[in-house]
Protein chains: 2
Amino acid sequence: MAYESEYPPFYVTVDIVVLAIRDGRLHALMIRRGGEPYAGAWALPGGFVGLDEDLRDAAERELEEETGVRIGTETLTQVHTYGTPDRDPRHRVVSVAWLAAFPETVEVTAGTDAAHAEWRPVDELLVDDPGDRLAFDHAGIVRDAVEAAQERLMNAEPPLLAAGFTGGREFSLSQLRSVYEAVLGHELDPGNFQRKVKATQRLVEPTGRREPAPGGRGRPAEMFRLKPRA
Amino acid sequence: MAYESEYPPFYVTVDIVVLAIRDGRLHALMIRRGGEPYAGAWALPGGFVGLDEDLRDAAERELEEETGVRIGTETLTQVHTYGTPDRDPRHRVVSVAWLAAFPETVEVTAGTDAAHAEWRPVDELLVDDPGDRLAFDHAGIVRDAVEAAQERLMNAEPPLLAAGFTGGREFSLSQLRSVYEAVLGHELDPGNFQRKVKATQRLVEPTGRREPAPGGRGRPAEMFRLKPRA
DNA sequence: ACAAAAGTGTTACACATACACCCATGT
DNA sequence: ACATGGGTGTATGTGTAACACTTTTGT
């Protein structure tokens, strides 16, 4: 099928930066590109927006199609829009970038379309002179998204990003702290973090349960969950 | 001329929210729409992006074409992208919104294409049940842009927005304060503002001159200019 | 002298940071 | 007993807000 238009034909796409903590490091969900250009390079999941589709819905759909990962559409937040004329060598593509977070424990089901999806450590993606560069301007998009994530983790209301990382499960405050540390890229004082989180209204609530630390050693931690959005 | 494409034809536009302080109130530069839809309604300046044109350049060009206002392209900052399928009843339009600030003293030259451009008080544009509604989803865009302006005026580095409002001219700290007050929508303590601005590195530098207050009454104020970007 | 605006001093309070110290558990 | 991680207490610093007060001008 071919379309016709009296105005220049733009391709509108979405790119999705999904962050997760794995082994204490910040990772992003990436796709190994098959075809040219940038064949074999890592790229963000994403694709064309449908003619009757909301941008946000397109992000959710493309993410699932390309990686098998389902993210609630309400946890996707817009970051920035990229439209430099030469950012894609083939066509004029304007891409709206979205950010979401994903819980640590859930694995990517590497089936069907998701065969080439993989979690990649963000710091390796962003080194200045990587052996394998990211496709298109995706390095810049990842960089901007991580910056936005740092900002929103500390300031955003409601705490959508924290919700994405925890995925509705229970957690100890040191587990939550390790998420913050991985995103921010530096350590936080355990005691101060504890108080700050507890003092922040509408963030966490205790479940009453306690759970021993992963190593078994040490005092069992009180478990929390995120407060449901009011 | 007609274009053809194998993918859905999207129209990509830019909308520009230019803010200025006039009579102590926050204003936005708006256009009176001529044709349908929304004939006669106020709308943001903006228009179609050229096929080989950067989004930012398109914003600068459309702004000047429709209002006669020239803004340095580097003072335009992106706010958000709007792409709901039904936001324009005629076509599928994805619009990238931009924010800039403009000095108080400069008048809009209401010539040529700018005949229908006018500064409108923001609070009147945003009342919940206005007699004349804004075209399309432009009320939401203005609302988001003002929110972004408040955030960036306080936090952004470099202080692009403050630079836009002052336009490179000299100013007293109470003049600068009235800008902040108009954008934030509430009053600030003169003494505290004075200290805070002076304490902020890379913001203002004294010119050595003094100038009497506008009414003539009162102690003449020390004049400042924004520090040039390092 | 008085009003008005510029600018300084002072105090109180919220909040962040650093770090000492106690608590509860496994080995 | 000791190591380990959870959690509390406490002191110190830093930034904000409120407001009294002094300075410099025009009338």
Side-chain angles (χ1 to χ4, degrees), chain A residues 21 23-24 104 150-151 153-157 159 166 169-225, chain B residues 21 23-24 104 150-151 153-157 159 166 169-225:
Chain A
I21 318 295
D23 308 319
E104 183 162 14
Q150 293 172 344
E151 216 275 322
L153 197 59
M154 300 311 283
N155 302 324
E157 183 62 32
T166 61
R169 302 187 322 292
E170 294 186 11
F171 49 86
S172 70
L173 291 191
S174 42
Q175 288 171 339
L176 183 63
R177 173 165 53 85
S178 75
V179 169
Y180 275 65
E181 289 175 338
V183 174
L184 298 178
H186 60 85
E187 304 204 333
L188 299 170
D189 182 284
N192 294 335
F193 183 80
Q194 187 116 189
R195 258 179 311 237
K196 177 167 175 176
V197 168
K198 285 180 186 167
T200 303
Q201 293 303 339
R202 324 172 14 78
L203 186 51
V204 299
E205 62 187 5
T207 67
R209 297 200 319 106
R210 288 194 160 267
E211 209 165 276
R217 258 190 283 281
R219 175 179 176 176
E222 193 177 359
M223 301 302 283
F224 293 81
R225 72 172 72 89
Chain B
I21 317 294
D23 309 320
E104 182 161 13
Q150 293 172 343
E151 215 277 321
L153 196 59
M154 299 311 284
N155 302 325
E157 181 63 34
T166 60
R169 302 185 325 291
E170 293 186 13
F171 50 86
S172 71
L173 292 191
S174 44
Q175 288 170 339
L176 184 63
R177 175 166 50 85
S178 74
V179 169
Y180 276 64
E181 290 175 336
V183 174
L184 298 179
H186 60 85
E187 303 205 332
L188 298 170
D189 182 284
N192 294 337
F193 184 81
Q194 187 115 188
R195 259 179 310 235
K196 178 170 175 174
V197 168
K198 284 181 186 166
T200 303
Q201 293 303 340
R202 325 168 18 76
L203 186 52
V204 298
E205 61 186 7
T207 67
R209 297 201 316 109
R210 290 195 156 267
E211 210 164 275
R217 258 191 284 279
R219 175 177 173 177
E222 194 174 0
M223 302 302 280
F224 293 82
R225 72 172 73 88

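As the structure is a prediction and not an experimental result, all values here were calculated from the model. Letters A, B, ... are given to chains in the order of the sequence lines, protein chains preceding strands, and every chain is numbered from 1.
- Crowding of A:E187 atom CD: a count of heavy atoms from other residues, nucleotides or ligands under 6.0 Å not exceeding 12.
- A:R210 contributes atom CZ, which lies 10.5 Å from atom OG of A:S172 (distance to the nearest 0.5 angstrom).
- In terms of position along DNA chain D, the nucleotide closest to A:P214 lies nearer the 5' end than the nucleotide closest to the other residue of the pair A:P214 and B:G218.
- Chain A approaches DNA chain D within less than 4.0 angstrom (heavy atoms of the protein), and the contacting nucleotides run 5' to 3' from D:dT4 to D:dT10.
- A 6.0 Å sphere centred on CG of A:D23 holds no more than 12 heavy atoms belonging to other residues, nucleotides or ligands.
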Before you tell me yes or no, could you show the steps for A:R169 and A:F171 under side chain to side chain contact (heavy atoms under 4.5 Å, CB included), namely the whole-Å CA-CA distance, both residues' side-chain angles and the distance that decides it to 0.1 Å? CA-CA 6 Å; A:R169 302 187 322 292; A:F171 49 86; 5.9 Å; no

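- Note on B:S174: a side-chain N or O is less than 4.0 Å away from OP1 or OP2 of C:dA6.
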Determine whether A:L173 and A:K198 satisfy the following criterion, side chain to side chain contact (heavy atoms under 4.5 Å, CB included), listing intermediate values before the conclusion. CA-CA 9 Å; A:L173 291 191; A:K198 285 180 186 167; 3.8 Å; yes

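- A:Q150 contributes a side-chain N or O that, together with a main-chain N or O of A:V183, makes up a donor-acceptor pair within less than 3.5 Å.
- In this structure, A:R217 and A:L173 both approach DNA chain D, and ranking their closest nucleotides by distance from the 5' end singles out A:R217.
- What separates CD of A:E222 from C1' of C:dA24 is a distance of 13 Å, to the nearest Å.
- Using a 4.0 Å heavy-atom criterion, one finds that B:P212 contacts no nucleic acid atom at all.
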Can you give one letter per nucleotide of nucleotides 11-23 of chain C, 5' to 3': B if a protein heavy atom sits under 4.0 Å from the base, S if only from the sugar-phosphate, - if neither? -----SBBB---B

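- OP1 or OP2 of C:dG7 sits under 4.0 Å from a side-chain N or O of B:R210.
- The line from CG of A:N155 to CG of B:N155 is 8.0 Å long, rounded to the nearest 0.5 Å.
- Taking a 6.0 Å sphere around CZ of A:R209, one finds it holds more than 12 heavy atoms contributed by other residues, nucleotides or ligands.
- Side-chain atoms of B:Q194 lie closest to C:dG7 of the nucleotides C:dG7, C:dG26, C:dA5.
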